[in-house]
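The block underneath contains the structure these notes are about, expressed in structure tokens.
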Amino acid sequence: MLLKVLSVGPLSVNCSLVVDEETGKAVLVDPGADPKRLLSAVEGLELVGILATHGHIDHVGQVKTLKESFSAPFYMHPADAFLLKDTLWPGFERHIGASLPCPEPDVELKEGMEIPVGNSTLRVIHTPGHTPGLCCFYSEESKILIAGDLLFKGGVGRWDLPGGDVGALKKSLQRVFSELEDDVVVVCGHYEETTIGHERRFNPYLRAL
Ligand SMILES: [Zn+2]
Ligand SMILES: [Zn+2]
């Protein structure tokens, strides 16, 4: 499995392109902005899924464009459906370059679901708190966790937006840190990547859990 992370839009959302090299099949996770770059990134590949870690428009802003160009299904957790119509702040969609309205999901994510990417799979870990439907995607073979806004290098997702829940966020973080080993690479929703081990040692928010 090959992972390429594209930092898109003014909020530097990490859009992950996950490719199974044997079959040329690929999925895009969190296609938030910069449609031209997204389209050229998947050139020559067979796009078999468009995945959202959660429903915030900076993460789903270009699902519409991709759905217009490909027949790949859009996967999102149903608990975040209410966010697809929420721009969070007036004019925010223009600022971040989102193309709205975001289509409804074709496939509803569920805890434990395995999403096929050619001969590889991504496992869904439902980790509510930042939003009620936030899901991480975990590659067991590559030891990569695509975590969306659950976790950042030195930080955690904010819980003060609609549907946020600090108690749920704590439980989700405790679960991820109890289940995953230190060498798992974490692709965060924005900015730099990190590892489970680095955050376990240095993340001040996690010490407070
Ligand atoms: Zn978010
Ligand atoms: Zn975000």
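Counting convention: from 1, in listed order, for ligands and their atoms alike. This one's a predicted model, so the numbers in the text were calculated from it and none came from an experiment. Count residues from 1 along the sequence.
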Quick one: does any side-chain atom of [X] pair with a main-chain N or O of [Y] as donor and acceptor, under 3.5 Å?
| X | Y | value |
| --- | --- | --- |
| Thr53 | Ala147 | no |
| His56 | Asp58 | no |
| His59 | Gly189 | no |

For the Zn ion (ligand 2), find the closest N/O/S atom on His190 and give its atom name.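 The closest N, O or S atom of His190 to the Zn ion (ligand 2) is NE2.
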Any side-chain heavy-atom pair of Tyr138 and Lys143 under 4.5 Å: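 Touching, per the 4.5 Å side-chain cut-off.
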Any ion pair linking Arg175 and Glu111 (charged N to carboxylate O, less than 4.0 Å)? yes
Do the rings of His198 and Phe202 sit parallel, tilted or perpendicular, given the 30° and 60° boundaries?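 Plane angle between 30° and 60°, so tilted.
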Distance filter under 2.8 Å, centred on the Zn ion (ligand 1) - protein N, O or S atoms that pass it: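 Hits for the Zn ion (ligand 1) below 2.8 Å: His54 NE2, His56 ND1, His130 NE2, Asp149 OD2.
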